[in-house]
Amino acid sequence: MRDLSGGPRVLLKRLRELMAEPLEPQDRLDRIVRQIASNMVAEVCSVYVLRADGVLELYATEGLNREAVHLAQLKMGQGLVGTIAASAQPLNLSDAQSHPAFRYLPETGEEIYHSFLGVPILRTGRSLGVLVVQNKASRNYRDEEVEALETTAMVLAEMIATGELKKITKPGLELDLTRSVTIDGDTYNDGIGLGYVVLHEPRIVVTNLLNEDAEKEIRRLAEAMGSLRISIDDMLSRRDVSMEGEHREVLETYRMFAHDQGWVRKLEEAIRNGLTAEAAVEKVQSDTKARMMRLTDPYLRERMHDFEDLANRLLRQLTGYTGRTTAEGFPNDAIILARAMGAAELLDYPRANVRGLVLEEGAVTSHVVIVARAMGIPVIGQAAGVVALAENGDAVIIDADEGHVHLRPMTDHRRSYEEKVRFRARRQEQFRALRAIEPVTKDGKRISLMMNAGLLVDLPQLSESGAEGIGLFRTELQFMIASTMPKADEQEQFYRNVIKQAAGRVVTFRTLDIGGDKVVPYFRGHEEENPALGWRAIRLSLDRPGLLRTQLRALLKASADTELKLMVPMVTEVSELTTVRELLQKEVQHLSRFGHGLPRKLQFGAMIEVPALLWQLDELMAAVDFVSVGSNDLFQFAMAVDRGNARVSDRFDPLGKPFLRILREIVRGADRNKTPVTLCGELAGKPLSAMALLGIGFRSISMSPASIGPVKAMLLGLDVDALATAMNEVLDDNSATVPMREVLARFAESHNIPL
């Protein structure tokens, strides 16, 4: 393409001047279309803007009937203008009226114009409107004219995005950029949050669109592209990046895109047409995304995300963007939107201000979700495309009970959710009023209600929830949010702080449960086809005894003169516990020899998560002081259900007869051996399932802090003996076909038990 130093460059210079002048929006638009028409020797120039109701409205024109402005309308997909908006592709026609999509609007007087060039007004791949030029004579517009009009459309996109056109939008109507959108996703942690969007990696806002020196901008682009390529090569050469696997394929795709000469040529052409290097990247990125969004091939759509991420990296190189500052301008009610993020990144945000988290990627077992759940933050995952649809500061509602994200909700919708939140708050006030009440059932059975934790930020909820203690402290979270392996003294200080903040309440520490899907960045194992059944938890710790001994020593020193309650995860055979006990005893002897303080009481326990232990219950109970049931993994392994797989995770019911029989057998084994037993999985956190656990004999359950109030309200009205009789009758009857969930619901309804 030739260097357009003439007309188009003059046009862009004049548009820059118009954007800087203090003009009313309609006057600015009118002058813009006149300037475009004059520069491109067009007899007509018109701007159509997409409204929230899917209608393209004529906002300004030079050449058509002026009285048609704000009256002429086309639906999305209707006519030439609607076709351009729907496809996000330009149309260049020598005889517009012969095109099958042509739609005559009599109020505009456009029937005498034959040649037609229309381009979409795009922002992040979304059509916000259409820019059109027309002439009476039949002709095809040159490629450089199409490019110039697309570049000019970027100026209009920014004008729309800044909200300047709101002033001239008819009362009661809204533009598409501000329309209400609902995105469905998967519930990763339930709850409802109302607030304002905070994009985890905000898009670079390009404010300087038009260049003064094209060659200087091309040199800037080349330098930034070189830095980008080096950074990708560095990532690929790092030792902590496996030579195989999906993550490496993504980086190889990045490198392929970064070296794509076709991409570079498009960027350079946009610069020669008058754009800055940053604006050129934004334009090419938006054009490419608009095309790829219409693709149905999932592989190609995924490559779109890779390309978009790469373009954003290039923008950061060009602008010198070094990162966000979470403290400045952070809203009081923040809903964080991200494609993906790490657990430590979530903790960088002010916890008191975060009302929800929405992820485009991730899984219910990902690190950031585990941390968010520990912090009591509602989380929705797999919310496809939500980041591109949102702008920083947009109003948003996250309904993680139902799996919906309502972006820019309508007033009535927001009021409805505000009422839901107020209702929840009133219920929480009622639950808080129960904190001082002993958790004793209607027929006199005392229940121990414990909470799950894993971070220091969890500890204040111990008093707020009224929990008796911590039934499961996940020590691996400290490792998962750290960038390097926590040293022995760091671990000791962390555990000491936990014990101090627990203020005399019992804390049950679980030894490290890393490996499998809980891969910490500085500790990499081999790729495994089925990590849930692989090298993880106690298996990993026994193969790396130095790691386990360091943790045991830190726990023993931190618990000096207090009680240490310690349990081992993922036990498969009792012999594993014997080995851990021996290591623990060696650490006790070592600390005693060098005069360190020791716990005044040491309790050693095991988690029942692997079904093999069901046939070793008596041996197990004899080898430990207590047991704790990890119902999440036990259900997954017993029913051969991957709980992260949406296709099968809801197929089998943890309140079904098979699994309840397993749990009842564990309780009976504990009673037979007089061994304390607790259940600390998700089953304990819902009133109905907690009721079932009490019915089969559990007297100690551990759950999220927010669940303690509802569960206590349930048990205060529960006659456990009557429930046990009803449940055992069905569990023991092989011919009974009524689902246990239905049996439980009927019992609760007939006995007025709040669920």
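As a basis for the values below, the full set of heavy atoms in this structure was taken, side chains included, without hydrogen atoms, waters or symmetry mates. All values derive from a computational prediction rather than experimental measurement. Counting begins at 1 with the first residue of the sequence.
Here the side chains of Leu449 and Val711 are in contact, with some heavy-atom distance below 4.5 Å. When side chains are defined from C-beta on, Ile708 does not count as touching Phe431, because their heavy atoms never get closer than 4.5 Å. Side-chain atoms of Leu634 and Leu613, non-hydrogen and from C-beta on, never get closer than 4.5 Å to each other. Contact annotation: the side chain of Tyr349 approaches that of Val198 to within less than 4.5 Å [non-hydrogen atoms, C-beta and beyond]. At least one side-chain heavy atom of Met740 sits under 4.5 Å from a side-chain heavy atom of Val730.
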Exercise. Show your reasoning for whether side-chain contact (heavy atoms from CB on, under 4.5 Å) applies to Leu540 and Leu512.
Key: CA-CA 9 Å; Leu540 184 152; Leu512 275 179; over 6 Å; no

Exercise. Apply side-chain contact (heavy atoms from CB on, under 4.5 Å) to Leu389 and Ile183, showing your working.
Key: CA-CA 10 Å; Leu389 290 170; Ile183 302 100; 4.1 Å; yes

Exercise. Would you check, one step at a time, whether the test side-chain hydrogen bond (donor to acceptor under 3.5 Å, both in side chains) holds for His404 with Thr182?
Key: CA-CA 7 Å; His404 303 312; Thr182 295; over 6 Å; no

Practice problem: Determine, step by step, whether Asp443 and Thr441 satisfy the side-chain hydrogen bond (donor to acceptor under 3.5 Å, both in side chains) criterion, reporting the C-alpha distance in whole Å, the side-chain angles of both residues, the deciding distance to 0.1 Å, and the verdict. | Solution: CA-CA 5 Å; Asp443 56 339; Thr441 65; 2.7 Å; yes

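Annotation: cation-pi pair Lys565/Phe626 present, NZ/CZ under 6.0 Å from the ring centroid and within 45° of its normal.
Taking the six-membered ring where the residue is Trp, Phe494 and Phe473 present tilted rings, their angle falling between 30° and 60°. The aromatic rings of Phe659 and Phe635 lie perpendicular to each other, with more than 60° between the two planes, well past the 30° mark.
How far CD1 of Ile398 is from CG of Leu337: 8.5 Å, rounded to the nearest 0.5 Å. Atom CG of residue Asn728 and atom CD1 of residue Ile696 lie 9.0 Å apart, to the nearest 0.5 angstrom. For the atom pair CG (Leu548) and CD1 (Ile538), the distance works out to 5.5 Å, reported to the nearest 0.5 Å. How far CD1 of Ile666 is from CE of Met621: 7.5 Å, rounded to the nearest 0.5 Å. Note that CZ of Phe698 is 13.0 Å distant from OG of Ser448, once rounded to the nearest 0.5 Å.
Just one residue in the list Ser700, Ser628, Ser702 forms a side chain to side chain donor-acceptor pair (under 3.5 Å) with Thr678, and that residue is Ser700.
Comment: Arg355 does not engage Asp399 in a salt bridge, judged by the lack of any side-chain N to carboxylate O separation of less than 4.0 angstrom. Under 4.0 Å is where a charged nitrogen must lie from a carboxylate oxygen, and between Glu665 and Arg661 no such pair does. Salt bridge annotation for Asp190-Lys686: present, with a cationic side-chain nitrogen under 4.0 angstrom from a carboxylate oxygen. Between Asp671 and Arg699, none of the side-chain N atoms (NZ, or NE/NH1/NH2) sits under 4.0 Å from a carboxylate O, so this pair counts as no salt bridge. A salt bridge does not link Asp513 with Arg474: every distance from a Lys NZ or Arg NE/NH1/NH2 to an Asp or Glu carboxylate oxygen is 4.0 Å or more.
Considering only residues two or more places apart in sequence or on other chains, Glu468 meets the salt bridge (Lys or Arg N to Asp or Glu O under 4.0 Å) condition with Arg446.
In this structure, a donor-acceptor pair under 3.5 Å is absent between the side chains of Ser704 and Asn452. For the 3.5 Å distance criterion, the side chains of Gln551 and Thr475 qualify, holding a donor opposite an acceptor. Side-chain contact check for Asp733 and Ser735: at least one donor-acceptor pair (N or O, by modelled atom type) lies under 3.5 Å.
When the shell of 6.0 Å around CD of Glu729 is examined, it contains 12 or fewer heavy atoms from other residues, nucleotides or ligands. Within a 6.0 Å radius of NZ in Lys445, other residues, nucleotides and ligands contribute more than 12 heavy atoms.
The list of ring-ring contact (aromatic ring centres under 6.0 Å, His included) pairs with a residue in residues 700-755, not counting sequence neighbours, reads Phe747-His751.
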